[in-house]
There are 2 protein chains.
Amino acid sequence: MCAVQEEALCGSLERRGLSDLNRIGRLRRVERGETIAWAGEESRNCANILSGLFKLSASTADGREQTVGLLYPADFVGRPYAPRTDYNVTALSEAEICVFPRPAFEETLESDSALEREFLRRTLTALDEARSRQLMLARQTAEQRIARFLLDMAKKMGGARPTPGGPRTFDLPLSRGAIADVLGLTIETVSRQMTKLKAARIIALPGGRAVTIIREAELRGLTAE
Amino acid sequence: MCAVQEEALCGSLERRGLSDLNRIGRLRRVERGETIAWAGEESRNCANILSGLFKLSASTADGREQTVGLLYPADFVGRPYAPRTDYNVTALSEAEICVFPRPAFEETLESDSALEREFLRRTLTALDEARSRQLMLARQTAEQRIARFLLDMAKKMGGARPTPGGPRTFDLPLSRGAIADVLGLTIETVSRQMTKLKAARIIALPGGRAVTIIREAELRGLTAE
DNA sequence: CGCCTTCTTGACTCCTGTCAAGTCCCGTGG
DNA sequence: CCACGGGACTTGACAGGAGTCAAGAAGGCG
């Protein structure tokens with residue numbers, strides 16, 4: 001039943017506990033662009049992502065948006081132990097999720113210490129990531145952010161390499177606008193930086209949302225990390 | 001023994017568990033400016049803050065620094081379940097901490113589910129805060145950051161109000177440089193913004209690191225949240 | 001009182017945001 | 001098959017906020 005069982009939260013469970021969580025979970029298909037949780041709303045459900053990509057975002061009073069995290073298959077969605085959620089969760093692609101009512105999930109956490117420990121580990125990892133994104137947003141230039149983003153995406157997306165160690169091509173699962181939201185930039189700046197990298201022949205943009213990383217070492221050099 | 005017992009992590013424990021944690025903890029005094037954990041270093045210890053203020057920081061390759069979190073009394077320091085820590089932890093004032101070896105702390109977490117649950121809650125809160133700081137660093141102007149920072153600090157520091165509802169005065173526990181690191185700005189920009197707020201008679205700067213919030217409503221209006 | 005750090009202020013630069021046209025891409029429908 | 005339309009993307013011109021560099025002033029500690 002659970003397509004991402006080895007990696008997902010429920011994958012850490014032994015047979016018994018797993019069936020507990022599966023029993024309360026309900027499969028749901030989500031359309032691209034659909035928002036499954038709104039900031040300020042009561043936190044009623046939690047979920048595991050089975051497939052697809054989501055963004056976790058907040059917006060300023062004047063309407064500009066910032067993505068504070070990307071969620072991939074096997075990642076967890078929701079905020080246990082809080083009455084409300086502070087962030088929107090929106091699908092960036094078609095997706096499937098496994099939804100639990102929050103109180104039931106909390107009870108399962110409390111009765112299954114292996115699950116709870118795994119959840120704690122994941123939360124600690126998410127915290128490290130959120131802090132690393134703070135450093136990026138506060139101190140990196142647009143060029144450094146784009147370089148880091150492309151490398152991260154290449155890693156996440158896999159992508160074909162015609163020759164071993166050679167250029168790698170993959171499709172960005174995000175629009176320019178969504179990338180801008182993630183990196184704390186504007187669409188125009190993202191576009192200009194991509195054009196600049198293309199002009200420098202560090203990447204190629206074969207069309208659509210495809211990206212080819214031609215000279216990975218140079219790109220890595222631009223991240224200055 | 002535990003001066004912040006009601007609030008600190010160990011305060012959530014029942015007598016039995018508490019004594020477990022106290023048995024492995026060791027009191028330590030820390031000087032202002034002292035760094036008790038270095039990024040990239042092996043994660044050997046965890047600690048509870050008993051008194052004082054710490055910053056959690058990272059730096060870019062070119063040496064600029066960013067504070068990714070402030071740690072107050074009763075807050076937890078360290079990274080269980082990871083071999084290395086990614087951040088520096090530095091005392092911004094004289095401080096006292098209660099130190100546990102990381103493996104012993106992990107064992108205690110695993111054997112005491114109430115402690116583990118409390119630790120999970122704290123980690124979730126820290127995650128929310130880290131995400132909220134992402135929004136600030138990505139999308140707020142210098143003026144908005146300063147306004148929010150002053151209001152946050154006023155709340156944390158308490159501070160005397162000569163007349164109820166009237167102006168409130170408190171001492172900033174951070175230097176201008178430390179504030180700049182927290183807000184993702186430079187010392188000069190912090191200084192200029194403070195001067196601007198002073199000129200607008202929204203705050204006063206009586207000397208030293210003291211701040212008086214004269215018109216709190218206006219200051220709150222500037223945060224645009 | 002004097003030194004040294006911290007803070008303030010000024011002049012200038014530059015990166016990124018804003019506003020405004022285009023251009024590309026792709027699916028739809030004639 | 002190709003023209004059309006609309007969203008996504010690119011490009012240009014310009015402005016402005018924050019960074020950088022450089023003095024100076026203020027404050028604290030010996």
Side-chain angles (χ1 to χ4, degrees), chain A residues 31-33 59-60 62-66 92-93 135-150 171-200 203-211 222 224, chain B residues 31-33 55 59-60 62-66 92-94 135-150 171-200 203-211 222 224:
Chain A
E31 300 298 324
R32 187 158 103 73
S59 30
T60 55
D62 59 334
R64 287 178 312 153
E65 197 163 305
Q66 176 61 32
L92 293 172
S93 67
L135 184 61
M136 173 192 80
L137 294 169
R139 304 296 188 194
Q140 311 257 102
T141 64
E143 184 182 62
Q144 291 172 329
R145 296 181 204 200
I146 293 285
R148 172 174 155 173
F149 176 78
L150 290 175
D171 271 322
L172 287 175
L174 286 76
S175 69
R176 292 289 187 271
I179 296 171
D181 283 350
V182 171
L183 301 182
L185 300 169
T186 59
I187 292 181
E188 293 93 327
T189 301
V190 171
S191 184
R192 276 189 257 268
Q193 292 296 332
M194 298 280 261
T195 304
K196 209 172 92 190
L197 290 175
K198 179 181 157 190
I203 64 170
L205 302 171
R209 289 184 183 164
V211 177
L222 293 178
Chain B
E31 300 297 325
R32 186 157 103 73
K55 68 175 181 184
S59 30
T60 55
D62 58 335
R64 288 178 312 153
E65 198 164 302
Q66 176 61 31
L92 293 172
S93 67
E94 283 209 347
L135 184 60
M136 172 192 82
L137 294 170
R139 304 296 189 193
Q140 311 255 105
T141 63
E143 184 182 63
Q144 291 171 328
R145 297 182 205 199
I146 293 285
R148 171 174 157 173
F149 176 78
L150 290 175
D171 271 323
L172 287 174
L174 286 75
S175 69
R176 292 288 184 271
I179 296 171
D181 284 349
V182 170
L183 301 181
L185 300 170
T186 59
I187 292 181
E188 294 92 326
T189 300
V190 171
S191 184
R192 277 189 257 267
Q193 292 295 331
M194 299 281 261
T195 304
K196 208 171 92 191
L197 291 175
K198 179 181 157 190
I203 64 170
L205 302 171
R209 289 184 183 163
V211 177
L222 293 179

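Naming convention: chains lettered A, B, ... in sequence-line order (proteins, then strands); numbering from 1 in each chain.
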Output the rounded distance in Å from CZ (A:Arg139) to C1' (D:dG19).
10 Å
Tell me the bend of the helix from C:dC1-D:dG30 to C:dG30-D:dC1 as the angle between end helix axes, each from five pairs, rounded to the nearest 10 degrees.
30°
Side chains of residues 179-192 of chain A: which donor-acceptor pairs under 3.5 Å do they make with residues two or more places apart or in other chains?
from, atom 1, to, atom 2, distance (Å)
A:Thr186, OG1, A:Thr189, N, 3.3
A:Thr186, OG1, A:Thr189, OG1, 3.1

Does A:Ser59 use its side chain to pair, donor to acceptor, with the backbone of A:Gly63 at less than 3.5 Å?
no
Round to the nearest Å and state the distance from B:Asp181 atom CG to D:dG19 atom P.
12 Å
Between B:Met194 and B:Arg176, is there a side-chain heavy-atom distance shorter than 4.5 Å?
yes
Side-chain contact check for A:Thr186: nearest option of C:dG17, D:dT10, D:dA18 is C:dG17
Encode nucleotides 22-30 of chain D as B, S and - characters from 5' to 3', where the letter depends on protein heavy atoms closer than 4.0 Å: B to the base, S only to sugar-phosphate, - to neither.
------S--
Separation of D:dT20 C1' from B:Ile187 CD1 (nearest whole Å)
12 Å
Close side-chain approach of A:Leu137 to B:Arg139, heavy-atom, < 4.5 Å
no
From the list D:dA18, D:dT10, D:dC9, which nucleotide is the closest neighbour of the side chain of A:Ser191?
D:dT10
Rounded off to whole Å, could you give me the CD-to-P distance for the B:Glu65 and D:dG19 pair?
16 Å
Within-4.5 Å side-chain heavy-atom neighbours: A:Ile146 and A:Leu222:
no
For residues A:Arg145 and A:Gln140, is any side-chain donor paired with an opposing acceptor at under 3.5 Å?
no
Gap between atoms CG and P, on A:Leu197 and D:dT11 respectively (whole Å)
13 Å
Would you kindly give the CZ-to-P distance between A:Arg176 and C:dT23, to the nearest whole Å?
19 Å
Starting from P on C:dT6, measure out to CE on B:Met194 and report it in whole angstrom.
16 Å
Take A:Glu143 and A:Arg148 through the salt bridge (Lys or Arg N to Asp or Glu O under 4.0 Å) test and state the conclusion after the steps.
CA-CA 9 Å; A:Glu143 184 182 62; A:Arg148 172 174 155 173; over 6 Å; no
Find the distance A:Lys196:NZ to C:dT16:P and express it as a whole number of Å.
8 Å
When we call it a touch if two heavy atoms are under 4.0 Å apart, what does A:Leu185 touch: a base, just sugar-phosphate, or nothing?
sugar-phosphate
Does atom CZ of A:Arg209 have more than 12 heavy-atom neighbours from other groups under 6.0 Å away?
yes
Quick one: which of C:dT18, C:dT16, D:dC9 gets closest to the side chain of A:Ala142?
C:dT16
Side-chain donor/acceptor contact of B:Arg192 with base of D:dG17 under 3.5 Å:
no
Validation row: B:Thr141, B:Gln193 side chains within 4.5 angstrom (heavy atoms)
no
Can a side chain N or O of B:Thr189 be found less than 4.0 Å away from OP1 or OP2 on D:dG17?
no
